[in-house]
*Asks:* 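Below: one structure in structure tokens.
Note that the structure is predicted; figures quoted are calculated from it, not measured. Note on naming: letters A, B, ... go to the chains in the order of the sequence lines (proteins, then strands), and numbering restarts at 1 for each one. Values below: all heavy atoms of this structure, side chains included; hydrogens, waters and symmetry mates excluded.
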There are 2 protein chains.
Amino acid sequence: MTQRKKRVTATDVARSLGLSRATVGYVLNNTPGQSIPPATRERVMAEAARLGYRPHRAAQALASGRSMIILLVLPDWPMEHSLRLTLETASHVLDEAGYALVTYTRHEGGQARPLWELLNPDVVIAWTAISAAERTSMQASGITKILPVLQQEQAVLSSPTLTAGTHLQIAHLYEQGHRRLAFATSVNERFSLLAQGRAAAAREEADRLGAELLDLRPVDHRDGSVVRAVREWHAQGITAVAAFNDDIAAMTVAAAQRAGLSVPDDLAVIGHDDTPMAGMLYPSLSSVSIDNVGQGHYLANQALHAAEYRPLPEAPPDLHAAIVVRESTRR
Amino acid sequence: MTQRKKRVTATDVARSLGLSRATVGYVLNNTPGQSIPPATRERVMAEAARLGYRPHRAAQALASGRSMIILLVLPDWPMEHSLRLTLETASHVLDEAGYALVTYTRHEGGQARPLWELLNPDVVIAWTAISAAERTSMQASGITKILPVLQQEQAVLSSPTLTAGTHLQIAHLYEQGHRRLAFATSVNERFSLLAQGRAAAAREEADRLGAELLDLRPVDHRDGSVVRAVREWHAQGITAVAAFNDDIAAMTVAAAQRAGLSVPDDLAVIGHDDTPMAGMLYPSLSSVSIDNVGQGHYLANQALHAAEYRPLPEAPPDLHAAIVVRESTRR
DNA sequence: CAGGGTAACTTTCGCGCGCAAGTACTTGTG
DNA sequence: CACAAGTACTTGCGCGCGAAAGTTACCCTG
């Protein structure tokens, strides 16, 4: 009502105090190398608070050349559950360092202009690899700090972050006595790269343990391919299935039930990501839970390292992927 | 390698062309009221492209006073599936108008500083109501355009956008011949407001139709309350349950199975949101699908209206909530 | 009591851009 | 041929801030 929509600037604070803008700036920024008596310092702080001063981010960004924005590029995967806590953690850590974490999900259709052009982030950090075109676009927008530095999709997809859980799945099924296994992935194209990485990991782990990974295929409920798959697996003597994620696992369990098989007795099934749904079903779904908080910290620290050369934590994140045993694999 | 990390500015383009910066600016911004010959216009465009000129958003924001950022504040609900397409659509529409859509999810812990302070968005648009504290904080950050304008939670929560589907659920169960109904909600505190709104809608619809909504309670699988609920419902002669969302519905179906009941014969269950999971289960889950594209357009147009006084589309969105009938309610 | 040193400031510049207000030159008109 | 009305530009200010470089006034030292 009373207050006009004029924004309070540092100049206002200075004028109201009879000081220069520079002094106010030094106080507000805690600029090192300045000798400002505590009394003045406090007067400035108090007056800034009284007037409700807020630094103008756009002006700061222009003057300092840094936007304090970190852009996280996410793949076009539905991954809300496994990501929620990670993002919360990361954005909290970054926030404390003064950075804003903005997420950007690529879509197949694509934006006319990607978010990095519009936001001028200091750092772009990608969950998976960045295509050459994207990298070029980012560089053209003046972004020099782009993570991960890895160019090859392969390198990223075989990274422990994304495949550790798959190893655990296979190991768990093996421990439960299963020797003839299958791996079920998604028909969703969006997942294809990740699915390949996990399938490879499954094969690797099975080989290592001396189990047989006899089949590996995408399944879907709409075309009946899950039910078919389940029948064939059963016929082949396969007794356990590791799934790409909890959705696929749930689908597989449902298909087994439709085919008159019992889970886990005729077919054991394990999912991945430990979504809330896993515990809700009947039979409840064994799964792999990921250390989302750890991931979040790791992500944030990577970003801070790139943004301002903070030391990167020595140890790569111990991601504590862990098996959650529920009914679908319990003997 | 060759190129320094210097950013190309409009001044560079002007100098390289022997023109003034203003002329270049007029061309690049298509500023009306200027008479610039097509030849010059093209020279400028060509040179800008050649040098790889990108406007510096922070400088633009400072000079124009507008950031071209629209911030969408989301509630702390897991709602990825029902939201994904909405967001894609909205951000696409906004993108074409030159705006960037950034989403911000509030967390219980909360950021030290909310995103609107850091981004200076032109418009903040909230999925649900904004608390007085949030509104104050936004206004202090110099944001004047805040949507929705409604202050009361109630008004928002009883809005058709959020409750239309619930009406459909009850109507569908009624049509299938069910007269004794229950409504199952989530124990998740995050949902409480929305759950209340939907529960009220369920009651209203049941009253309207002359059905009995005999019970209405939060259920959970971890404390055994779903199984208990299912048993009690069956004992009371309740034959159908409308659930707050697909998760709750899936949980209810599983509990019924555990209790030895058959779905839908002993108990029909319908979910809400039509998540991908709904079709995957056994029995597959009837649900309510929402017109996400329509919602996205509506959201975007609301934002554009606030941002630059574009006409608001006359008709409020006809949200095409629709029942998807699957096995869990099929007679 | 000149000189240097320092605390406590202020003046000033530049970030890149939008845009209001010029200016010089051309063309049309009575 | 004078003069208004364009055309095709340019000059220059201001957005709010960070921060380098400058300016006092004061105190201490020898």
Side-chain angles (χ1 to χ4, degrees), chain A residues 5-44 47-48 51-68 98 117-120 122 141-142 308, chain B residues 4-45 47-48 51-68 98 117-120 122 141-142 308:
Chain A
K5 56 175 57 177
K6 289 298 305 170
R7 156 185 270 294
V8 179
T9 72
T11 307
D12 295 333
V13 175
R15 185 174 35 229
S16 141
L17 236 37
L19 285 172
S20 75
R21 235 230 356 93
T23 305
V24 171
Y26 290 140
V27 170
L28 293 173
N29 299 328
N30 255 317
T31 309
Q34 299 293 326
S35 55
I36 291 172
T40 304
R41 198 172 282 274
E42 269 177 38
R43 279 171 63 216
V44 171
E47 191 65 6
L51 296 179
Y53 167 77
R54 305 273 163 150
H56 191 306
R57 298 273 308 173
Q60 279 184 316
L62 180 60
S64 70
R66 307 189 311 142
S67 66
M68 305 304 278
E117 258 186 43
L118 296 167
L119 295 181
N120 272 302
D122 291 339
S141 306
E308 47 191 43
Chain B
R4 226 69 200 100
K5 56 174 58 178
K6 288 296 306 169
R7 153 186 272 295
V8 178
T9 73
T11 307
D12 296 333
V13 176
R15 185 174 35 229
S16 141
L17 237 38
L19 285 172
S20 74
R21 237 226 353 85
T23 305
V24 171
Y26 291 138
V27 170
L28 294 173
N29 298 330
N30 253 317
T31 309
Q34 299 291 328
S35 54
I36 292 171
T40 304
R41 198 171 282 274
E42 268 176 38
R43 279 172 62 216
V44 171
M45 297 304 281
E47 191 65 6
L51 296 179
Y53 167 77
R54 303 276 161 150
H56 191 305
R57 298 273 307 173
Q60 278 184 316
L62 180 60
S64 70
R66 306 188 313 141
S67 66
M68 305 304 278
E117 256 185 45
L118 297 167
L119 295 182
N120 271 303
D122 291 339
S141 306
E308 47 192 44

*Asks:* Taking for each residue the nucleotide of DNA chain C bearing the nearest heavy atom, is the 5' side occupied by Ala63(B) or by Gln34(B)?
*Replies:* Ala63(B)

*Asks:* Rounded to the nearest Å, what distance is computed from the CD1 atom of residue Ile36(B) to the P atom of nucleotide dC25(C)?
*Replies:* 19 Å

*Asks:* At under 4.0 Å between heavy atoms, what does Ala22(B) touch on the DNA or RNA strands: base, sugar-phosphate, or nothing?
*Replies:* base

*Asks:* Do Tyr26(A) and dA7(C) share a donor-acceptor pair, side chain to base, under 3.5 Å?
*Replies:* no

*Asks:* I want to confirm an ordering. Mapping Tyr53(A) and Pro38(B) to their closest nucleotides on DNA chain D, which one lands closer to the 5' end?
*Replies:* Pro38(B)

*Asks:* Across the strands shown, which category fits Thr9(A) at heavy-atom distances under 4.0 angstrom: base, sugar-phosphate, nothing?
*Replies:* sugar-phosphate

*Asks:* So which atom in Ile36(A) and which in Thr23(A) form the shortest heavy-atom distance, rounded to 0.1 Å?
*Replies:* CD1-O, 4.2 Å

*Asks:* Using the closest heavy atom to pick a nucleotide of DNA chain D for each, name whichever of Leu62(B) or Arg21(B) lands nearer the 5' end.
*Replies:* Arg21(B)

*Asks:* Check whether any side-chain N or O of Gln60(B) sits under 4.0 Å from OP1 or OP2 of dG18(C), and answer yes or no.
*Replies:* yes

*Asks:* Using whole Å, what does the distance between atom P of nucleotide dC9(D) and atom CZ of Arg15(B) come to?
*Replies:* 19 Å

*Asks:* Phosphate oxygens OP1/OP2 of dT10(D): is one of them under 4.0 Å from a side-chain N or O of Ser20(B)?
*Replies:* yes

*Asks:* Heavy atoms, side chains only, cut-off 4.5 Å: are Arg57(B) and Leu119(A) in contact?
*Replies:* no

*Asks:* Could you tell me which non-hydrogen atom of Arg66(A) sits nearest to which non-hydrogen atom of Asp122(A), and how far apart they are?
*Replies:* CA-OD1, 3.4 Å

*Asks:* So what does Gly18(B) hit on the nucleic acid, given a heavy-atom distance under 4.0 Å: a base, only sugar-phosphate, or nothing?
*Replies:* sugar-phosphate

*Asks:* OP1, OP2 of dT10(D) versus side-chain N and O of Thr23(B): anything below 4.0 Å?
*Replies:* yes

*Asks:* In whole angstrom, what separates Asn29(B)'s CG from dC17(C)'s C1'?
*Replies:* 8 Å

*Asks:* So what does Thr40(B) touch, heavy atoms closer than 4.0 Å: a base, only the sugar-phosphate, or nothing?
*Replies:* sugar-phosphate

*Asks:* Looking at every non-hydrogen atom in both residues, tell me the closest pair between Ala58(A) and Asn120(B) and how far apart they are.
*Replies:* N-ND2, 4.4 Å

*Asks:* Between Val44(A) and Val13(A), which heavy-atom pair has the shortest distance, and what is it?
*Replies:* O-CG1, 4.3 Å

